Structures are given as structure tokens and as C-alpha cells.
Amino acid sequence: MAAQITLRDVTLGYERHPAVHHLSGEVASGALLAVVGPNGAGKSTLFRGLAGILKPLAGTIDLDGLDNRDIAYLPQSVEIDRSFPISVFDFVGTGLWRQIGLFGGMGRRERDRIGEALAAVGLNGFENRNIGTLSGGQMQRMLFARVLLQDARLVVLDEPFNAIDAKTSTDLVALVRRWHGEGRTVLAALHDLDMVRKHFPETLLLARGPVAWGPTAEALTPENLLVAMRMCEAFDDRAAACAVDMPPRAA
């Protein structure tokens with residue numbers, strides 16, 4: 001399969017302090033890839049780079065011609081302001097903004113699509129609930145419904161199964177496998193190694209830098225996991241900012 005994502009010596013970080021170092025590799029179109037690593041390994045930073053939220057400090061990210069409309073990014077639920085006064089229906093409807101525009105009209109067809117997405121994640125009857133009243137599992141179902149509406153070729157999921165019940169995890173994993181079966185490229189940052197081994201054929205083991213990348217059984221060896229833990233423990237957050245090559249000035 002052709003590469004959907006190509007990373008060339010990518011370094012990502014904040015205020016020139018790196019969180020992901022010198023990452024190179026390819027993700028094939030239609031791949032189902034888990035990104036695994038200890039807390040602080042840089043998984044969320046990598047995903048923000050793939051979603052276009054964070055620009056690389058060095059290196060390049062090539063998404064094979066995809067633009068923002070082709071990428072669905074599901075952030076960690078803690079990044080959602082649950083105090084914002086918006087209903088479940090209207091929140092899920094934001095998944096249509098790239099198709100109809102921020103101020104585009106929402107007709108019957110669009111409203112039907114929102115209803116179908118809510119039904120697909122098991123949130124029938126929650127349309128008028130304020131998002132602040134949802135449980136953790138219901139919140140994740142709502143976020144998945146928004147991703148469904150985006151109908152994207154690249155799906156990037158940051159900790160999609162964190163702190164939710166087993167039934168919700170099972171239902172949402174089924175959606176991930178459905179997207180994979182439809183030929184979409186799906187990346188998910190995960191902590192549950194048993195889930196990764198069961199459902200994700202490929203894994204990137206990340207610890208600020210790459211530790212292993214390939215078939216899951218080969219990447220998630222005890223030796224590699226120990227290396228990843230030690231790499232994260234040894235990382236110095238007070239290290240000097242990265243020196244970034246600047247283009248030469250015109251004469």
C-alpha cells in the first residue's frame with residue numbers, strides 16, 4: 001500500500017523544547033496503527049502534529065495531499081470544556097462544519113445525519129442533554145459520533161478508551177475496526193497493551209523518540225517496553241531548547 005503518512009526526521013515540541021525527537025517512518029494508507037508509550041512519551045504531541053495543530057520544530061510531515069477536511073482528530077476528553085453550554089446534538093453537529101461551513105445552514109439531511117451518528121454510538125435520546133451531564137463513557141461515545149460525521153480518510157484518536165467501561169470500549173473498538181474495514185487510515189494512542197495486541201496489527205512504541213515500529217508482536221517485547229520506560233525516565237525537561245536550522249538569508 002502507498003504511504004498515507006511520511007515522517008522525515010520529525011521533531012515536535014513547545015517553545016522549541018522537544019517532546020518528540022527525530023521520528024522517521026511511514027504509515028500505509030488504510031493502516032490500523034497503535035501508538036504506545038509511557039506517560040510523557042509524546043503521543044499527544046505527535047497527534048497534534050499530524051492534525052496540523054502543532055508545526056514541527058524540524059523535519060517534515062507529509063500527509064499525501066490530505067487537507068484538514070480529510071483528517072478527523074479526537075482529542076483526549078479532558079481537553080473538552082464540559083462547562084460550555086452546548087447540547088449533545090449541537091456538539092456532534094460541529095463534525096459537519098468543514099462540509100457546510102461554520103455558518104452554513106443545517107437542513108433536514110444534516111439533522112438526519114447527526115441523528116444517525118448518535119444512534120450508531122448508542123446515544124439515542126441524549127440529543128438535548130448538556131454535554132456537562134454526560135458520564136465518561138457517554139462523552140467518548142459523543143466524540144466518536146462527531147468523528148463519524150467528519151467521514152475522514154485519516155482518523156487520529158488520542159486515548160479514545162481511557163477511563164471508560166468495558167461495554168463502551170467494546171462498542172467503540174467495533175467502530176474503529178469498521179473504519180479500518182472501510183479503508184480509512186486509523187491511528188490510536190493507547191495504554192492497554194492487551195487491547196493493542198488483540199486489535200491493532202501495527203504499533204509504534206514511542207518514548208520521546210522511536211523505540212520500535214512494526215508488527216505489534218515485534219514492537220511490544222518486554223525488552224522494548226523496558227527501553228521505552230528508561231528513555232522517558234531519563235528525559236530532561238529542563239534541557240536546552242532545540243537548535244532549529246533556519247534557511248539562509250537572501251543576499
Side-chain angles (χ1 to χ4, degrees), residues 1-12 20-37 41-56 58-76 95-99 113 117 120-121 143-161 171-190 192-193 195-206 209-220 224:
M1 296 290 289
Q4 183 79 83
I5 302 169
T6 303
L7 305 170
R8 298 184 179 90
D9 199 27
V10 172
T11 294
L12 293 156
V20 175
H21 286 268
H22 306 298
L23 181 60
S24 295
E26 293 184 347
V27 180
S29 179
L32 179 57
L33 174 74
V35 180
V36 172
K43 301 183 294 293
S44 293
T45 299
L46 173 60
F47 280 16
R48 291 186 186 113
L50 294 175
I53 299 169
L54 191 64
K55 293 188 179 300
T60 60
I61 300 174
D62 182 0
L63 300 179
D64 191 30
L66 299 183
D67 60 28
N68 286 340
R69 289 172 296 181
D70 298 314
I71 304 170
Y73 169 59
L74 187 150
Q76 293 189 34
L96 293 172
W97 282 359
R98 291 174 181 169
Q99 300 169 40
R113 288 183 62 195
V121 299
L143 293 174
F144 267 72
R146 183 171 66 172
V147 171
L148 270 172
L149 280 182
Q150 291 178 259
D151 193 26
R153 291 164 56 193
L154 172 61
V155 180
V156 181
L157 309 171
D158 194 359
E159 301 289 359
F161 310 116
D171 291 346
L172 298 184
V173 166
L175 269 179
V176 170
R177 296 188 66 84
R178 167 180 153 186
W179 288 328
H180 177 54
E182 292 169 347
R184 305 178 200 273
T185 306
V186 183
L187 284 71
L190 301 168
D192 186 336
L193 299 186
M195 176 181 287
V196 173
R197 292 184 175 106
K198 183 175 181 181
H199 297 291
F200 289 78
E202 298 177 65
T203 296
L204 164 61
L205 178 56
L206 189 66
V211 178
W213 190 345
T216 294
E218 298 176 15
L220 296 185
N224 286 340

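On a predicted model such as this, the values are computed, not experimentally measured, just so you know.
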* Considering residues at least two apart in sequence or located in another chain, which fulfil the salt bridge (charged side-chain N to carboxylate O under 4.0 Å, His left out) criterion with Asp151? -> Arg184
Check [X] against [Y] and note the closest heavy-atom contact, atom names and distance.
X: Leu12; Y: Leu46; result: CD1-CA, 3.8 Å
X: Asn224; Y: Ala212; result: ND2-CB, 3.6 Å
X: Pro75; Y: Arg146; result: CD-NH2, 4.1 Å
X: Ala51; Y: Ile71; result: CA-CG2, 4.4 Å
X: Trp213; Y: Glu26; result: CZ2-O, 3.5 Å
X: His21; Y: Pro210; result: O-CD, 3.6 Å

[atom1]-[atom2] distance between [X] and [Y], expressed to the nearest 0.5 angstrom:
X: Leu32; Y: Glu202; atom1: CG; atom2: CD; answer: 8.0 Å
X: Leu54; Y: Phe47; atom1: CG; atom2: CZ; answer: 13.5 Å
X: Leu175; Y: Phe144; atom1: CG; atom2: CZ; answer: 6.5 Å
X: Thr185; Y: Leu33; atom1: OG1; atom2: CG; answer: 10.0 Å

Side chains of [X] and [Y]: does their closest heavy-atom pair fall under 4.5 Å?
X: Leu154; Y: Asp70; value: no
X: Arg153; Y: Leu66; value: yes
X: Leu190; Y: Leu157; value: no
X: Val20; Y: Val10; value: no

* From CA spacing to verdict: side-chain contact (heavy atoms from CB on, under 4.5 Å), Leu148, Trp179 -> CA-CA 9 Å; Leu148 270 172; Trp179 288 328; 3.6 Å; yes
Quick check: does any side chain N or O of [X] sit under 3.5 Å from a backbone N or O of [Y], one acting as donor and the other as acceptor?
X: Ser29; Y: Gln4; result: no
X: Asp9; Y: Gly59; result: no
X: Arg197; Y: Leu220; result: yes
X: Thr216; Y: Phe200; result: yes
X: Lys43; Y: Gly37; result: yes

* To do: Begin with the C-alpha distance, continue with both residues' side-chain angles, and end with the deciding distance and a verdict on side-chain contact (heavy atoms from CB on, under 4.5 Å) for Arg113 and Leu96.
  => CA-CA 9 Å; Arg113 288 183 62 195; Leu96 293 172; 3.4 Å; yes
* Asked: When you look at CZ of Arg69, are more than 12 heavy atoms from neighbouring residues, nucleotides or ligands closer to it than 6.0 Å?
  -> no
* Asked: Please walk me through it: do Arg48 and Tyr73 pass side-chain contact (heavy atoms from CB on, under 4.5 Å)?
  -> CA-CA 8 Å; Arg48 291 186 186 113; Tyr73 169 59; 3.7 Å; yes
* Go through Leu50 and Leu7 one step at a time and tell me if the side-chain contact (heavy atoms from CB on, under 4.5 Å) criterion holds. => CA-CA 10 Å; Leu50 294 175; Leu7 305 170; 4.1 Å; yes
